[in-house]
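Working notes for the structure below.
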Amino acid sequence: QVQLVESGGGLVQTGGSLRLSCAVSGRPFSSDVMGWFRQAPGKEREFVAAISCSGNTPYYAGSVKGRFTISRDNAKNTVYLQMNSLKPGDTAVYYCAARGNCFYTLKPEEYDYWGQGTQVTVSS
């Protein structure tokens, strides 16, 4: 059974930082592009960042580039999202997802496995 478990969300003030983690079990971790997505109330789920199977190539949405950093530790089956300079507009439930292969995409419907989500709230 594949499981993705996110942690690290919380409440932070504008300009603050948080680090999200996502631990994966039940499938070979290094065989998946890993992505982070977010969904704010009343909005569609949107792409935030993704990282290649090897960890060498990150991809970012324009709204977070320069503020967020995605990384992975294939020995620990864990993907991370370091979020700096947080803004109220970053408030959302953040989800990690496993692609199911090593082909990059930013489309959420093309990711096969999902975590339960972790809430990030940025106060002004």
Side-chain angles (χ1 to χ4, degrees):
Q1 181 179 359
V2 180
Q3 285 192 312
L4 286 72
V5 180
E6 300 102 333
S7 61
L11 173 64
V12 65
Q13 292 185 334
T14 297
S17 297
L18 284 173
R19 188 193 197 204
L20 305 183
S21 300
C22 174
V24 181
S25 61
R27 63 178 283 104
F29 182 68
S30 60
S31 298
D32 286 323
V33 164
M34 294 299 299
W36 285 98
F37 295 80
R38 66 187 181 187
Q39 189 166 18
K43 295 188 177 181
E44 293 187 351
R45 192 166 298 189
E46 66 172 357
F47 171 78
V48 175
I51 190 164
S52 63
C53 289
S54 66
N56 290 337
T57 305
Y59 308 88
Y60 297 99
S63 59
V64 307
K65 197 169 186 179
R67 300 189 297 123
F68 291 9
T69 302
I70 189 171
S71 62
R72 66 190 295 162
D73 186 336
N74 285 353
K76 295 182 177 180
N77 290 2
T78 302
V79 61
Y80 306 96
L81 186 67
Q82 177 67 44
M83 305 186 294
N84 298 329
S85 303
L86 283 161
K87 307 174 182 179
D90 295 318
T91 295
V93 177
Y94 283 70
Y95 299 90
C96 73
R99 174 75 171 92
N101 56 53
C102 286
F103 296 99
Y104 162 73
T105 179
L106 53 72
K107 298 178 181 179
E109 63 270 24
E110 295 184 356
Y111 282 74
D112 291 340
Y113 306 99
W114 290 83
Q116 82 288 350
T118 186
Q119 177 71 46
V120 171
T121 303
V122 185
S123 63
S124 57

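This is a predicted model, so every value here is computed, not measured.
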Minimum heavy-atom separation for [X] and [Y], please, with both atom names.
X	Y	result
Ala97	Tyr111	CB-CD2, 3.7 Å
Leu18	Leu86	N-CD1, 3.9 Å
Ser17	Asn84	OG-OD1, 2.9 Å

Set of residues satisfying side-chain hydrogen bond (donor to acceptor under 3.5 Å, both in side chains) with respect to [X], sequence neighbours excluded:
X	result
Asp90	Arg38, Arg67
Ser71	none
Asn74	Arg72
Thr14	none

- prompt: For Gln1, does the CD atom have more than 12 heavy-atom neighbours from other residues, nucleotides or ligands under 6.0 Å away?
  reply: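 Count not over threshold, so no.
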
- request: Please list all pairs passing the salt bridge (charged side-chain N to carboxylate O under 4.0 Å, His left out) test where one or both residues lie in residues 20-37, with sequence neighbours left out.
  value: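 Salt bridge (charged side-chain N to carboxylate O under 4.0 Å, His left out) check on residues 20-37 returns Arg27-Asp32.
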
- prompt: If you look only at pairs with a residue in residues 74-84, which of them pass as a salt bridge (charged side-chain N to carboxylate O under 4.0 Å, His left out), with sequence neighbours excluded?
  reply: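 Residue pairs with at least one partner in residues 74-84: there are none.
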
field: Test salt bridge (Lys or Arg N to Asp or Glu O under 4.0 Å) applied to Arg19 - qualifying residues, sequence neighbours left out
entry: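 Per chain and number, Arg19 pairs via salt bridge (Lys or Arg N to Asp or Glu O under 4.0 Å) with no residue.
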
message: Please determine whether residues Phe29 and Tyr113 belong to a single hydrophobic cluster, defined as Ile, Leu, Val, Met, Phe, Trp and Tyr linked transitively by side-chain heavy-atom distances below 4.5 Å.
response: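 Yes, Phe29 connects to Tyr113 through the hydrophobic network.
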
query: Do Val12 and Leu81 belong to the same hydrophobic cluster, where Ile, Leu, Val, Met, Phe, Trp and Tyr are linked whenever their side-chain heavy atoms lie under 4.5 Å apart, directly or via other members?
result: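 Linked within one cluster.
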
query: When Ile, Leu, Val, Met, Phe, Trp and Tyr are grouped by side-chain heavy atoms lying under 4.5 Å apart, directly or through other members, which residues fall in the same group as Leu11?
result: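 Members alongside Leu11: none; it stands by itself.
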
field: ILVMFWY clustering at 4.5 Å (side-chain atoms), partners of Phe103
entry: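 Its cluster partners, ordered by chain and number, are none at all.
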
- request: Would you please test Thr91 and Gln119 for side chain to side chain contact (heavy atoms under 4.5 Å, CB included) and show each step?
  value: CA-CA 8 Å; Thr91 295; Gln119 177 71 46; 4.0 Å; yes

Drop me the distance from [X]'s [atom1] to [Y]'s [atom2], to the nearest 0.5 angstrom.
X	Y	atom1	atom2	value
Gln116	Leu4	CD	CG	8.5 Å
Tyr80	Trp36	OH	CH2	10.5 Å
Phe68	Leu20	CZ	CG	8.0 Å
Ile51	Thr57	CD1	OG1	8.0 Å
Arg99	Met34	CZ	CE	12.5 Å
Gln13	Ser124	CD	OG	9.5 Å

message: With a 3.5 Å distance limit and no angle check, can you tell me whether Tyr95 reaches the backbone of Glu6 through a side-chain donor-acceptor pair?
response: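 The answer is no, because no donor-acceptor pair under 3.5 Å joins these two groups.
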
- prompt: Can any side-chain N or O of Thr118 pair as donor or acceptor with the backbone N or O of Tyr94 at less than 3.5 Å?
  reply: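 Answer holds: no.
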
message: Give me each pair satisfying disulfide bond (SG atoms under 2.5 Å apart) with a member in residues 71-121, each pair once, sequence neighbours excluded.
response: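 Sorted result for residues 71-121: Cys22-Cys96, Cys53-Cys102.
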
- prompt: Of all residues at least two apart in sequence or in a different chain, which pass the ring-ring contact (aromatic ring centres under 6.0 Å, His included) check with Tyr59?
  reply: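 Scan of Tyr59 (ring-ring contact (aromatic ring centres under 6.0 Å, His included), adjacent residues dropped) gives Tyr104.
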
task: Using the test ring-ring contact (aromatic ring centres under 6.0 Å, His included), find all partners of Phe47 that sit at least two apart in sequence or belong to another chain.
output: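 So Phe47 forms a ring-ring contact (aromatic ring centres under 6.0 Å, His included) with Phe37.
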
